[in-house]
Amino acid sequence: MSDSATPPAKPMHFIRQIIAEDMKTGRWGGRVHTRFPPEPNGYLHVGHAKSIILNYGMAKEFGGKFNLRFDDTNPAKEEQEYVDAIIEDVRWLGADFEDRLFYASDYFQQMYEWALVLIDKGKAYVDDLTADQIREYRGTLTEPGRPSPYRDRSPAENRDLFERMQAGEFPDGSRVLRAKIDMASPNLNLRDPVMYRILRVPHHRQGRKWNVYPMYDWAHGNEDSIEGITHSLCTLEFENHRPLYDWFLDQLGIHHPQQIEFAKLVLSYTVLSKRKLRELVFGRYVSGWDDPRMPTIAGMRRRGYTPEALWALVEEVGVTKVESVIDVGRLENAVRNHLNRVAPRVMGVLRPLKLTIENWPEGHVEMLECVNNPEDPSAGTRQVPFSGTLYIEQEDFMENPPKKFFRLSPGAEVRLRYAYFVKCTGVVKDASGKVIEVKGTYDPATRGGDAPDGRKVKGTLHWVSAAHAIDAEVRLFDRLFSHPEPEKPPKDAPPDWTYLHNLNPSSLEVVRAKLEPSVASAKPGDRMQFERLGYFCVDKDSTPDLLVFNRTVTLKDTWAKEQAKGAA
RNA sequence: UGGGGAAUCGUCUAAUGGAAGGACAACGGACUCUGACUCCGUUUAUCUAGGUUCGAAUCCUAGUUCCCCAGCCA
């Protein structure tokens with residue numbers, strides 16, 4: 001086998017395998033057509049990102065098509081705001097649905113006619129039982145259900161009643177249309193599932209045209225069939241629904257896609273259920289759906305995560321039927337990996353400490369050349385001003401340093417990145433004894449950062465020139481929850497315990513930072529590395545007077561880890 | 001106590017009867033004008049018990065654990 005000519009093959013996860021096999025046998029006439037079918041009742045999160053990337057990725061890989069389809073079958077819950085947000089998120093991920101933006105509600109007429117077909121075949125009936133009665137008649141997990149007294153109405157009567165349901169003659173909840181399947185089935189989904197309910201409310205796209213709205217199980221296969229979907233990918237909890245998906249399509253005798261279930265992506269240190277995400281937003285625990293601490297796509301985008309990183313993560317964790325929890329560290333790592341390659345570097349000081357160079361010529365300023373991205377020579381260089389009054393990071397100075405502290409301390413010499421070697425000669429303290437200024441001297445021979453005498457220093461510090469630095473607000477984020485599985489109650493949980501008790505009280509810290517002047521022209525959405533600190537992204541809250549940054553993710557910090565070990 | 005799924009390093013994932021491999025994490029080291037990146041090395045796994053086989057993560061039998069299902073939500 002040749003070595004270099006063979007690109008690394010993508011892992012043959014089971015869905016890729018099924019599709020590859022179908023392509024080989026020509027099962028769908030050489031077609032692959034997938035879809036992402038969100039309900040517009042909330043924002044998309046990282047779990048949806050997996051589904052989007054999987055669906056679009058398979059279509060793309062096999063030369064097929066991908067649809068975005070809103071499953072807007074429940075007007076009571078759905079809103080245009082969510083439609084708009086979802087479209088933006090799907091596009092941002094790079095999932096190109098071209099002109100195939102669809103709405104389930106556009107198929108309501110066709111579904112209605114198909115329902116009449118089932119009625120005429122004696123496979124569906126109108127039931128007058130109340131919701132409670134239906135539940136009671138359904139039986140339990142271990143006992144079969146009983147037939148509704150209305151189960152054997154004639155097709156003619158059912159047709160009349162169903163048409164009058166749609167005509168608005170009956171109140172909400174008074175009747176439903178049910179499929180006539182098997183009240184004794186061990187699969188509860190097959191015990192005469194409801195196909196339509198009366199909901200005399202306006203639909204966000206259809207207005208008042210409909211008084212009956214289809215249920216998921218009835219609608220979904222129809223939608224897939226109408227669009228010519230070949231592989232209908234969904235999550236594990238729909239496995240129990242597959243027999244019903246198949247039953248409806250078989251009864252109708254229409255195009256019948258294959259439903260395939262996979263395990264959804266779950267992340268540690270966060271929650272992903274729509275209900276809980278809503279609660280975080282509307283309970284004001286976060287600033288909104290796009291709060292950078294949220295696992296929503298909008299939140300991740302605002303925080304500075306990239307689509308490439310999300311794609312890499314999804315490819316790395318694979319696609320299986322095993323329910324698993326992905327360590328959020330893997331996501332962060334994927335983000336670092338991508339940003340390391342593409343993010344320009346700048347210097348910024350998050351917690352400024354004044355450093356005065358005592359032997360620096362009064363008023364003198366030098367422009368120093370700094371590399372924009374060592375991983376990408378084509379990114380070039382920039383000039384950064386250096387002077388005798390600087391800011392360095394507070395944590396880069398210690399008056400009484402521990403062993404292996406390579407940074408500045410009295411008598412120690414360090415390099416200021418791209419600038420000069422500096423030796424600490426003293427400190428200035430305030431009345432409380434806190435160090436408020438560090439004094440030092442520089443070695444003029446080390447301009448650019450190299451000592452001609454071959455002398456080495458262990459530490460290199462980032463810095464900004466005080467007179468030239470710009471101020472910025474920087475938002476530092478920590479995990480929203482302090483527990484890897486925030487929904488899991490502790491052993492001694494009080495009765496009123498909820499996952500909100502695991503909210504991390506210090507997930508947000510805001511600091512005033514000093515940044516090198518080249519950053520002044522940055523625009524919202526711009527991403528960059530602050531050297532030695534992490535990756536940062538300009539936030540939309542920025543004003544002409546003040547840039548606001550979100551810390552996307554820190555750099556790996558083995559020194560911090562070392563210290564944590566010492567502290568423990 | 002019905003039905004449907006799933007069990008492989010700490011985590012995620014390969015293997016399709018023929019040497020249990022990779023990624024992340026952890027640990028140790030090299031390199032370094034970012035304690036970053038990169039590179040090298042180390043530790044750690046087939047749910048259990050039987051069986052078939054020259055050979056089992058894979059096949060068979062019995063069991064165990066976990067997840068999903070009793071919405072007029074999707």
Side-chain angles (χ1 to χ4, degrees), chain A residues 11-13 17 37-39 41 71-74 76-78 127 129-132 134-136 138-145 172-178 184-191 193-199 212-213 215-217 219-220 234-243 261 263 268 274 313 316-327 329-330 332-334 336-337 340-341 345 347 370-371 374-375 404-407 414-419 421 446 448-450 456-462 484 529-534 554-562:
Chain A
M12 272 311 261
H13 61 65
Q17 239 165 75
E39 183 187 18
N41 69 345
D71 208 359
D72 54 351
T73 57
N74 187 347
K77 292 188 168 185
E78 296 151 6
D127 197 345
L129 255 26
T130 65
D132 283 343
I134 286 181
R135 181 165 42 245
E136 192 192 323
R138 186 154 32 224
T140 68
L141 293 178
T142 51
E143 304 158 40
D172 285 12
S174 60
R175 286 182 165 86
V176 292
L177 182 71
R178 300 177 73 176
S185 172
N187 181 343
L188 267 47
N189 295 123
L190 263 18
R191 318 245 263 227
V194 172
M195 296 166 64
Y196 278 94
R197 73 283 216 189
I198 302 172
L199 239 39
V212 292
Y213 289 93
M215 299 286 291
Y216 169 85
D217 285 306
H220 205 83
C234 61
T235 47
L236 253 26
E237 66 266 31
F238 292 103
E239 214 151 14
N240 294 329
H241 295 247
R242 184 169 7 109
E261 309 87 12
S268 63
K274 246 173 207 177
L313 178 77
E316 272 169 36
V317 303
V319 181
T320 67
K321 299 187 72 149
V322 186
E323 298 184 46
S324 52
V325 181
I326 305 301
D327 188 331
R330 306 259 321 238
E332 293 167 347
N333 199 58
R336 283 192 194 98
N337 253 328
N340 178 49
R341 278 180 275 129
R345 268 112 242 234
M347 288 194 284
C370 301
V371 174
E375 307 287 325
K404 294 203 279 187
F405 183 82
F406 304 148
R407 282 109 101 140
V414 297
R415 171 171 36 237
L416 295 180
R417 185 137 160 97
Y418 298 120
F421 282 16
T446 57
D450 285 308
K456 298 281 184 201
V457 290
K458 285 288 262 184
T460 299
L461 272 44
H462 60 275
Q529 183 193 106
F530 292 179
E531 293 220 24
R532 303 211 300 134
L533 295 175
T554 61
L555 256 30
K556 279 193 204 160
D557 189 345
T558 50
W559 171 241
K561 205 157 66 179
E562 186 85 12

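Reminder, nothing fancy here: chain letters follow the sequence lines and each chain counts from 1.
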Whole-Å P distance, B:rA57 and B:rU52: 16 Å
Rounded distance in Å - CD (A:Glu323) to P (B:rC66): 13 Å
More than 12 heavy atoms of other groups within 6.0 Å of A:Lys321 NZ: yes
SB check A:Asp327 A:Arg330 (cutoff 4.0 Å): no
Euclidean distance, atom CG of residue A:Leu461 to atom C1' of B:rU32 [Å, nearest integer]: 15 Å
Worked check of side-chain contact (heavy atoms from CB on, under 4.5 Å) between A:Tyr418 and A:Glu531: CA-CA 12 Å; A:Tyr418 298 120; A:Glu531 293 220 24; 3.8 Å; yes
Protein proximity profile, nucleotides 69-74 of chain B - base contact B, sugar-phosphate-only contact S, no contact -, cut-off 4.0 Å on heavy atoms: BBSBSB
Polar pairs (N or O, both sides) under 3.5 Å between protein and nucleotides 7-9 of chain B?
none

Residue mapping more 5' on RNA chain B - nearest nucleotide basis, A:Val319 or A:Arg417: A:Val319
Sugar-phosphate only, base, or nothing, as touched by A:Arg407 at under 4.0 Å among non-hydrogen atoms: base
Sugar-phosphate only, base, or nothing, as touched by A:Ser185 at under 4.0 Å among non-hydrogen atoms: nothing
Chi-angle category of B:rG71 [syn within 90° of 0, anti beyond]: syn
Sugar-phosphate, base or nothing in reach of A:Pro374, heavy atoms under 4.0 Å: base
Nearest-Å distance once atom C1' is located in both B:rA23 and B:rU44: 15 Å
Distance, C1' atom - from B:rU1 to B:rA70, rounded to whole angstrom: 15 Å
A:Glu143 (side chain) and B:rU1 (base): donor-acceptor pair under 3.5 Å: no
Rounded distance in Å between the P positions of B:rC37 and B:rC60: 46 Å
Heavy-atom protein contacts under 4.0 Å, nucleotides 21-27 of chain B, coded B base, S sugar-phosphate only, - none: --BSSSS
Under the 3.5 Å Watson-Crick or G-U criterion, the dot-bracket string of RNA chain B, with | for inter-strand pairs: .((((((..((((....[..)))).(((((.......)))))....(((((..]....))))))))))).....
Sugar-phosphate, base or nothing in reach of A:Gln529, heavy atoms under 4.0 Å: base
Residue among A:Thr73, A:Asn74, A:Val194 satisfying side chain to side chain contact (heavy atoms under 4.5 Å, CB included) with A:Met215: A:Val194
Inter-nucleotide P distance (B:rU64, B:rA25), Å rounded: 39 Å
Listed partners of A:Pro243 passing side chain to side chain contact (heavy atoms under 4.5 Å, CB included), at least two apart: A:Asn187, A:Leu190
For A:His462, ring-ring contact (aromatic ring centres under 6.0 Å, His included) partners two or more places apart: none
Sequence-distant partners of A:Arg407, salt bridge (charged side-chain N to carboxylate O under 4.0 Å, His left out), two or more places apart: A:Glu395, A:Asp396
Touch class at under 4.0 angstrom, heavy-atom based, for A:Glu332 against every strand present: nothing
Set of salt bridge (charged side-chain N to carboxylate O under 4.0 Å, His left out) partners for A:Asp557, sequence neighbours left out: none
A:His13 NE2 - B:rU16 C1' separation (whole Å): 17 Å
With sequence neighbours excluded, residues passing salt bridge (charged side-chain N to carboxylate O under 4.0 Å, His left out) with A:Arg341: none
Touch class at under 4.0 angstrom, heavy-atom based, for A:Val457 against every strand present: nothing
Pairing residues for A:Phe421 by the ring-ring contact (aromatic ring centres under 6.0 Å, His included) criterion, not counting sequence neighbours: none
Same-atom distance (C1') from B:rC39 to B:rC31, integer angstrom: 8 Å
Any residue meeting salt bridge (charged side-chain N to carboxylate O under 4.0 Å, His left out) with A:Arg178, in chain and number order, not counting sequence neighbours: A:Asp127
Nearest-nucleotide comparison on RNA chain B, the residue closer to the 5′ end among A:Met12 and A:Lys321: A:Lys321
Pair A:Arg191, A:Ser185: side-chain N/O donor-acceptor within cut-off below 3.5 Å: no
Set of side chain to side chain contact (heavy atoms under 4.5 Å, CB included) partners for A:Ala131, sequence neighbours left out: none
Rounded distance in Å between the C1' positions of B:rC67 and B:rC47: 15 Å
Sugar-phosphate, base or nothing in reach of A:Phe421, heavy atoms under 4.0 Å: nothing
Touch class at under 4.0 angstrom, heavy-atom based, for A:Glu239 against every strand present: sugar-phosphate
P spacing across the pair B:rG10 / B:rA45, given as an integer number of angstrom: 7 Å
Minimum-distance nucleotide to A:Arg345 side chain [options: B:rA36, B:rU34, B:rU1]: B:rU34
